[in-house]
Chemist: 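Pasting a structure below so you can have a look.
Proteins come first, then strands; the chains are lettered A, B, ... in the order of their sequence lines, and each starts at number 1.
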Amino acid sequence: MPNYTAIERKWQGRWEEAKLFRVTEDPKRTTCYILEMYPYPSGSGLHMGHARNYCIGDVYARFKRMNGFNVLYPMGYDSFGLPAENAAIKAKSHPQRFTEEAIRRFIRQQKGLGLSYDWDRMIASHTPEYYRWDQWIFLKMLEKGLAYKKRSVVNWCPECQTVLANEQVHAGKCWRHEETDVEVKDLEQWFFRITDYAEELLDGIGTLDGWSDDVKTMQRNWIGRSEGAEISFPIEGSGKRITVFTTRPDTFFGITFLVYAPEHPDVLELVRGTKYETQTKAFIRKVVLEDRFLRTAEDREKEGMFIGRYATNPITGERIPLYIANFVLHEYGTGAIIAVPAHDERDFQFAKKYGIPIKVVINPPDFDLDEKRMNRAYVGDGAMVNSGEFDGMNNRDAIPEFARFFEKHGCGKATVQYKLRDWLISRQRFWGCPIPIVYCDACGIVPVPEKDLPVRLPDGFAFTSGKGNPLEQCESFVKTACPTCGRPARRETDTMDTFVDSSWYFLRYCDPANAEMPFDPKKAAYWMPIDTYIGGKEHATMHLIYFRFFTKFLRDLGLLRIDEPTKNLFNQGMLHKGGVVMSKSKGNVVSQEEIAARFGIDTARFFLMFVAGPEKDMEWDDQAVAGSYRFLNKVHALGTGKKVVTASRPAQLSRLHAAIRDVTADISSFRYNIALIRIMEIANYLAAQEDVSREALEGLVLLMAPFTPHLAEELWEHIGNKGFVSVAPWPKHDETRIDKALIASEDYIKRVQADVRSVLEIIKAGSPKRITLIVADAWKHDLVGKVRVKLEETHDVSKIIPAVMDKAHAKEIPKIVSALVKNPSRIPLVMLGAEGELKAAKAAIPSLTRGFGCEAQALTETVAAKKGIAKAAGAMPGKCAIHVEK
RNA sequence: GCGGGGGUGCCGGAGUGGUCAAACGGGCUAGGUUGAGGGCCUAGUGGCUUAGUGCCUGCGCGGGUUCAAACCCCGUCCCCCGCACCA
């Protein structure tokens, strides 16, 4: 077996030495920016699941590079984050140590995979050279009013010991800790005003043609735009008003109560000093603090209470009782709702439970509702009733009318609401980008001046305890001077969410060493947008929203000219083993080292790209890998052992060009598995030939180069080519060189050979003494008859077997077979085809008859070309007779 | 409940109106090669049938459109992923 380890080392070394994959801006060339989501460098290193993800991008990058594009294909590390910090706490060390060790290991492994990154552009977000620009962007956000600090109820993960953004809370659990319930704290925290971009983020989704529908749908739902109306009601005995948001202003006359979210600040004020105060406080505590996420489950029992106050309907003057309830959310809309039990299921359940009246204002088309007999809300459409001037209207038509109606009466207007909330970026952790803020007793909140950036994390600092944010314990960091007045002041000890780092890293790759700016706008204009972004779907409502937001912000800052970071998002599938996702925590990882040692890394690459389409989940199969290994061995033997001829081999080249055509299309559309099947077909075909034309062999090597680059380089060199196949031009297929008839005729020969086998099997059963076979490859069916006549003139033939696969002739076979069995003495088969093919078929005869205890003899004669048969067949005439004696 | 994806041979997976359902790989069976082999080569691998290139069946289930359906339409069951009282 070839020494794949040596081959890999040799070529990885040469690529590195030649800086083969380094790119620079070249205005004359078309760019192609291919990017995989940069990884968190975990201490456990890479396994086959990672390998698959990177290979998907690498194949594409190599393909595009060979196609002449100026390919930007970089790698970097999302190197701030909790695991390194936790490891440091445990070891009383510094997270930088763990992080940089992990990065070194990642790089070594990624190089070992043969990934064609431009390593000169590598970045790591924990370096001051990188995170100073996080801080710079933060200051710009602050300047534009998009970064702000506010006190609010926030999500707290007790495991991470820090707050989380809404996007990082999944079904009440921390995104990193499936088991950990997120708690609630009331804290003062930094936010980014992503909601300012809600409308644009939503509209922009329509332009993301190359994103999958489900990711787009998830983003739409996450942003959650709804149109409706805001209505406000004066509260009796108080100067205050209660303002609500509703998407169903048409149900206005059906309102029988109003509900506040329990944590709404007005609630306490309204009950202060009343007999409801104690009970209200207890209810709030229960709902808000104990029940924060449970309460939002759909099947949660609706609970609430009357708070002793009434509002007045500004139109009808009716008294409307005010409630608080667990199903009303403070964060959405105005934190208060109108309740129309007749036409909303939640309101209905609540009204039934607490004995609140129900008032119908919309009737279904076919009957009238009776409030006393309703057992659920009617949420459908219909004609308005009990609604004053709106009576008789269709409720849908009435919705826009109501907005005008409220405006006329000065109690409301049409508005739009979003579910998207501002992005909480503060984290109470050490290993993140420091927020560049100083607190001064005299000057208040003071931004660190740009010239003082970066605010560096302390280096020599050793963790002493696992309690709280370690940064708070570091006096040398905390104590500083106020940038404005120079008096002693304290630094902000919160660091930024690591999703801030990853929101713009793709821009830094365009200009990774820039010390003046986060990136040169000219360079970004050259490379951006990302042509193909590869990563998991799990970031649909996290990173994939944030990086769009940053792109738009940096555009508004004048640094970018694009509206979206990428129009093409490719979501790769997961690698499974034993039916579950391959991961260290599941204990089912297959290590890169193990596979590389057993089969070589090209085998791993090949297998990972071959088994399933890259977008699909696939199962790792230890046994099946061996199949890929066998194939690569075969190709290696083909490339190094087979006789190579310069002569044209039309059949080989026909197949090669067909393969080039298909493989090119398949790679372009990420159908790698199909591309590899085509490659296997052509390779297997060539391997079965006596010799192989140089052109065909080179073509095969070129087609394989993106998938198995080391093997391809080795063979490329062996054939006698200079330079690297990795940067050789991708082969262009030439349709005129694909001789379909020739390919078809070869395929027919194979089938004829199979037929001969079948016939011989039967002969064996019938024990003939002596037979003669003439093979008829009648791929021009109409020739069979002519040939038969022709042959009967000159030969002693008793039967022609038209050994073709088409149905019409196949029907004759049983008859012929019976004739053969009954009278096996002289059964002729005739074969027509190109001369070379006939030779091949003839050469195959001994092997075909082997094992039958027969002596085989092949006789060849030429059928009269002068009769025009050959011309009609588009092939050289010939016949092949087999004389078999037992 | 809503949204998205999917149900094809022993397995991983192709094929999305017809000329060929199961490409390609794995597994299994038989034969060959070999001193030997977890190597290589060849053939077979839905059912029926003495045999066949024949017949039947067949792409979750039930209907439908069509000369023609794994593929299009309707209904239904199951699996996976996301979102889930957002007024």
Chemist: When rounded to the nearest Å, what value does the distance between P atoms of U45(B) and A36(B) take?
Modeler: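 U45(B) and A36(B) have their P atoms separated by 29 Å.
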
Chemist: Is Arg671(A) close enough to C24(B) that one of its side-chain N or O atoms is under 4.0 Å from OP1 or OP2 there?
Modeler: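 Result: no.
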
Chemist: Is Glu199(A) atom CD crowded by more than 12 heavy atoms from other residues, nucleotides or ligands, each under 6.0 Å away?
Modeler: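 Enclosed: over 12 neighbouring heavy atoms sit under 6.0 Å from CD of Glu199(A).
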
Chemist: Quick one: label Gly333(A) by what it contacts on the DNA or RNA (base, sugar-phosphate, nothing), any heavy atom closer than 4.0 Å.
Modeler: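 Nothing, no heavy atom under 4.0 Å.
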
Chemist: When you compare G26(B) with C73(B), how far apart are their P atoms, in angstrom units rounded to a whole number?
Modeler: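 Comparing P positions in G26(B) and C73(B) gives a spacing of 36 Å.
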
Chemist: If you assign Ala624(A) and Val328(A) each to the RNA chain B nucleotide with the nearest heavy atom, which residue ends up on the more 5' nucleotide?
Modeler: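 Nearest nucleotide further toward 5': that of Ala624(A).
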
Chemist: Choosing from G3(B), C86(B), G13(B), which nucleotide comes nearest the side chain of Thr217(A)?
Modeler: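 The listed nucleotide nearest to Thr217(A)'s side chain is G3(B).
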
Chemist: In whole Å, what separates the P atom of G9(B) from that of G3(B)?
Modeler: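 Looking at atom P only, G9(B) and G3(B) are 29 Å apart.
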
Chemist: Are Phe631(A) and Tyr629(A) close enough that their ring centres sit under 6.0 Å apart?
Modeler: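 Not under 6.0 Å, so no.
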
Chemist: Can a side chain N or O of Lys616(A) be found less than 4.0 Å away from OP1 or OP2 on C81(B)?
Modeler: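 No, outside the criterion.
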
Chemist: State which residues pass salt bridge (charged side-chain N to carboxylate O under 4.0 Å, His left out) with Lys577(A); sequence neighbours excluded, sorted by chain then number.
Modeler: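 Only Asp622(A) meet the salt bridge (charged side-chain N to carboxylate O under 4.0 Å, His left out) criterion with Lys577(A).
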
Chemist: Only pairs with both distances under 3.5 Å count, Watson-Crick or wobble alike; so what is the partner of G1(B) in this structure?
Modeler: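 Check on G1(B): paired to C83(B), both distances under 3.5 Å.
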
Chemist: Look at the side-chain N and O atoms of Asn673(A) and state whether any lies under 4.0 Å from the OP1 or OP2 oxygen of A14(B).
Modeler: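 True: Asn673(A) side-chain N/O within range (under 4.0 Å) of A14(B) OP1/OP2.
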
Chemist: Taking 4.0 Å as the cut-off, does a side-chain nitrogen or oxygen of Arg630(A) come that near to OP1 or OP2 on G26(B)?
Modeler: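 It does, given that an N or O in the side chain of Arg630(A) lies less than 4.0 Å from OP1 or OP2 of G26(B).
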
Chemist: Any donor-acceptor pair under 3.5 Å joining the side chain of Lys634(A) to the base of C40(B)?
Modeler: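 Absent.
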
Chemist: Take the protein atom CD1 of Ile679(A) and the nucleotide atom P of C24(B), then report the distance between them rounded to whole Å.
Modeler: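 Rounding to the nearest Å, CD1 of Ile679(A) and P of C24(B) are 15 Å apart.
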
Chemist: How is Glu681(A) classified with respect to the nucleic acid when contacts are heavy atoms under 4.0 Å: base, sugar-phosphate, or nothing?
Modeler: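 Counting heavy atoms under 4.0 Å across all strands, the contact made by Glu681(A) is with sugar-phosphate only.
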
Chemist: Which one, G3(B), C83(B), A23(B), comes nearest to the side chain of Ile677(A)?
Modeler: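 That would be A23(B).
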
Chemist: Any luck finding a side-chain donor-acceptor pair between Asn684(A) and Lys634(A) under 3.5 Å?
Modeler: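 Yes - a donor-acceptor pair under 3.5 Å links their side chains.
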
Chemist: Using a 4.0 Å heavy-atom cut-off, does Ser226(A) contact any base of the nucleic acid, only the sugar-phosphate backbone, or nothing at all?
Modeler: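 It contacts sugar-phosphate atoms only.
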
Chemist: Between Asp621(A) (CG) and G12(B) (C1'), how many Å, whole number?
Modeler: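 Roughly 7 Å, once rounded to whole Å.
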
Chemist: Report yes if at least one side-chain N or O of Tyr332(A) is closer than 4.0 Å to OP1 or OP2 of A87(B); otherwise report no.
Modeler: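 Result: yes.
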
Chemist: Assert yes or no for the condition that the ring centre distance of Tyr672(A) to Phe610(A) is strictly below 6.0 Å.
Modeler: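 No: the rings miss the under 6.0 Å criterion.
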
Chemist: How far, in whole Å, is A70(B) from G58(B) if one measures between their C1' atoms?
Modeler: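 Rounded to whole Å, the distance is 10 Å.
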
Chemist: Can you tell me how far C1' in U76(B) sits from the matching atom in C28(B), rounded to whole Å?
Modeler: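 Each nucleotide's C1' atom is 37 Å from the other's.
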
Chemist: Take atom CZ of Phe257(A) and atom C1' of A87(B), then tell me their distance rounded to the nearest Å.
Modeler: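 My rounded result for the distance is 11 Å.
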
Chemist: Which nucleotide sits closest to the side chain of Met680(A): C86(B), G25(B), C85(B)?
Modeler: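 Of the options given, the side chain of Met680(A) lies nearest G25(B).
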
Chemist: Write down the distance between CZ (Phe327(A)) and P (A84(B)), rounded to a whole number of angstrom.
Modeler: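 Result: 18 Å.
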
Chemist: What integer distance in Å separates Phe350(A):CZ from A87(B):P?
Modeler: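 My rounded result for the distance is 19 Å.
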
Chemist: In whole angstrom, give me the gap between the P atoms of G4(B) and G12(B).
Modeler: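 Straight-line distance between the two P atoms is 26 Å.
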
Chemist: Provide the distance between the two C1' atoms, one in C83(B) and one in U8(B), to the nearest whole Å.
Modeler: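 Roughly 31 Å separates the two C1' atoms.
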
Chemist: In whole angstrom, what separates Glu615(A)'s CD from G4(B)'s C1'?
Modeler: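 One finds 15 Å between C1' of G4(B) and CD of Glu615(A), rounded.
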
Chemist: When syn is taken as a glycosidic angle within 90 degrees of 0, is G6(B) syn or anti?
Modeler: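 That one's anti.
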
Chemist: Starting at the 5' end of RNA chain B and moving along, which residue's nearest nucleotide shows up first, Gly627(A) or His330(A)?
Modeler: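 First, find each residue's nearest nucleotide; the 5'-ward one identifies Gly627(A).
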
Chemist: Could you give the distance separating G47(B) and A23(B) at their P atoms, to the nearest angstrom?
Modeler: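 My reading of the P atoms in A23(B) and G47(B) gives 16 Å.
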
Chemist: Could you please name the partner base of G44(B), counting Watson-Crick and G-U wobble pairs only when both distances are under 3.5 Å?
Modeler: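 Partner of G44(B): C28(B).
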
Chemist: In whole angstrom, what separates Ile338(A)'s CD1 from C85(B)'s P?
Modeler: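 Atom CD1 in Ile338(A) sits about 19 Å away from atom P in C85(B).
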
Chemist: Could you tell me whether Asp344(A) contacts a base, only the sugar-phosphate backbone, or nothing, with contacts defined as non-hydrogen atoms closer than 4.0 Å?
Modeler: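 No contact at all - Asp344(A) keeps every heavy atom at 4.0 Å or more from the nucleic acid.
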
Chemist: Now, which nucleotide makes the Watson-Crick or G-U wobble pair with A68(B), with each of the two distances under 3.5 Å?
Modeler: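 WC or wobble partner does not exist here.
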
Chemist: With respect to the side chain of Arg421(A), which nucleotide from G82(B), C83(B), C86(B) is positioned closest?
Modeler: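 For Arg421(A), the side-chain atoms sit closest to C86(B).
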
Chemist: Tell me if the CE atom of Met574(A) is crowded by more than 12 foreign heavy atoms within 6.0 Å.
Modeler: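 12 or below, so no.
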
Chemist: Rounded to the nearest Å, what distance is computed from the CG atom of residue Leu632(A) to the C1' atom of nucleotide C24(B)?
Modeler: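 Spelled out: CG on Leu632(A) to C1' on C24(B) is 14 Å.
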
Chemist: Return the pairing partner of C61(B) with a 3.5 Å limit on both distances, Watson-Crick or G-U wobble; otherwise return none.
Modeler: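 Per the H-bond distance test, G75(B).
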
Chemist: Around atom NZ of Lys353(A), are there more than 12 heavy atoms of other residues, nucleotides or ligands at under 6.0 Å?
Modeler: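 More than 12 within 6.0 Å, yes.
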
Chemist: Extract all donor-acceptor atom pairs below 3.5 Å that involve side chains of residues 250-262 of chain A and protein atoms in other chains or at least two apart in sequence.
Modeler:
| from | atom 1 | to | atom 2 | distance (Å) |
| --- | --- | --- | --- | --- |
| Asp250(A) | OD1 | Arg248(A) | NE | 3.1 |
| Asp250(A) | OD2 | Arg248(A) | NE | 3.3 |
| Asp250(A) | OD2 | Arg248(A) | NH2 | 3.1 |
| Asp250(A) | OD2 | Asn395(A) | ND2 | 3.0 |
| Thr251(A) | OG1 | Arg248(A) | O | 2.8 |
| Thr256(A) | OG1 | Pro357(A) | O | 2.9 |

